[in-house]
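Data block below; observations after.
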Amino acid sequence: QLSVTLTHMEPVDLAVARGLLHWPLSPREKRLLVASVRQPSHRELAQHLGITVSTLKTYVNDLQARFEVTSRQALIDRILAAGAESQHGG
């Protein structure tokens, strides 16, 4: 006998977008964080968002300070953890 369990895994950028729904961020900050999931370098992310690398770094530094994390990835991890916690009633 064979038992199979299928699990739907949504793309991580959608999970981040859903996780940000109730975060106190501007639309641009939310867009930056969602795009951060798929744009690894500052240069690529800035280009994707249509802003300069300097402007991007200003946004990133502000977000990191506000949420007391040391990287964009740490902030993404926090968003995903908060989203998983809310889905499981925590």
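These figures come from a predicted structure and were not determined experimentally.
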Is it the case that more than 12 heavy atoms not belonging to Gln73 sit under 6.0 Å from its CD atom?
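Yes, enclosed.
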Step through the shown structure and confirm whether more than 12 heavy atoms of other residues, nucleotides or ligands are within 6.0 Å of CZ on Arg28.
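Check fails, neighbour count at 12 or below.
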Heavy-atom closest pair, residues [X] and [Y]:
X	Y	value
Leu45	Ser36	CD2-OG, 3.4 Å
Ala15	Leu80	CB-CD2, 3.7 Å
Leu25	Arg66	CD2-NH1, 3.6 Å
Leu33	Ile76	O-CD1, 3.3 Å
Tyr59	Glu29	CD2-CG, 4.1 Å
Ser41	Arg72	C-NH2, 3.9 Å

Under the 3.5 angstrom rule, does the side chain of Asp62 hit a backbone N or O of Thr58 as a donor-acceptor pair?
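No, Asp62 side chain to Thr58 backbone: no donor-acceptor pair under 3.5 Å.
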Please answer whether the main-chain N or O of Phe67 pairs with a side-chain N or O of Arg78 as donor and acceptor at a distance below 3.5 Å.
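Judged by distance alone, yes, a pair lies under 3.5 Å.
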Heavy atoms, side chains only, cut-off 4.5 Å: are Leu75 and Val60 in contact?
no
Any side-chain heavy atom of Thr55 within less than 4.5 Å of one from Leu49?
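SC-SC contact between Thr55 and Leu49 ruled out.
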Taking atom NZ of Lys57 and atom CD of Gln64, what is their separation to the nearest 0.5 Å?
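Spacing of NZ (Lys57) from CD (Gln64) equals 11.5 Å.
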Working to the nearest 0.5 angstrom, can you tell me the gap between Leu20 CG and Lys30 NZ?
6.5 Å
With hydrophobic residues grouped by side-chain heavy-atom distances under 4.5 Å, do Val53 and Leu32 end up in a single group?
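No; Leu32 is not reachable from Val53 via cluster members.
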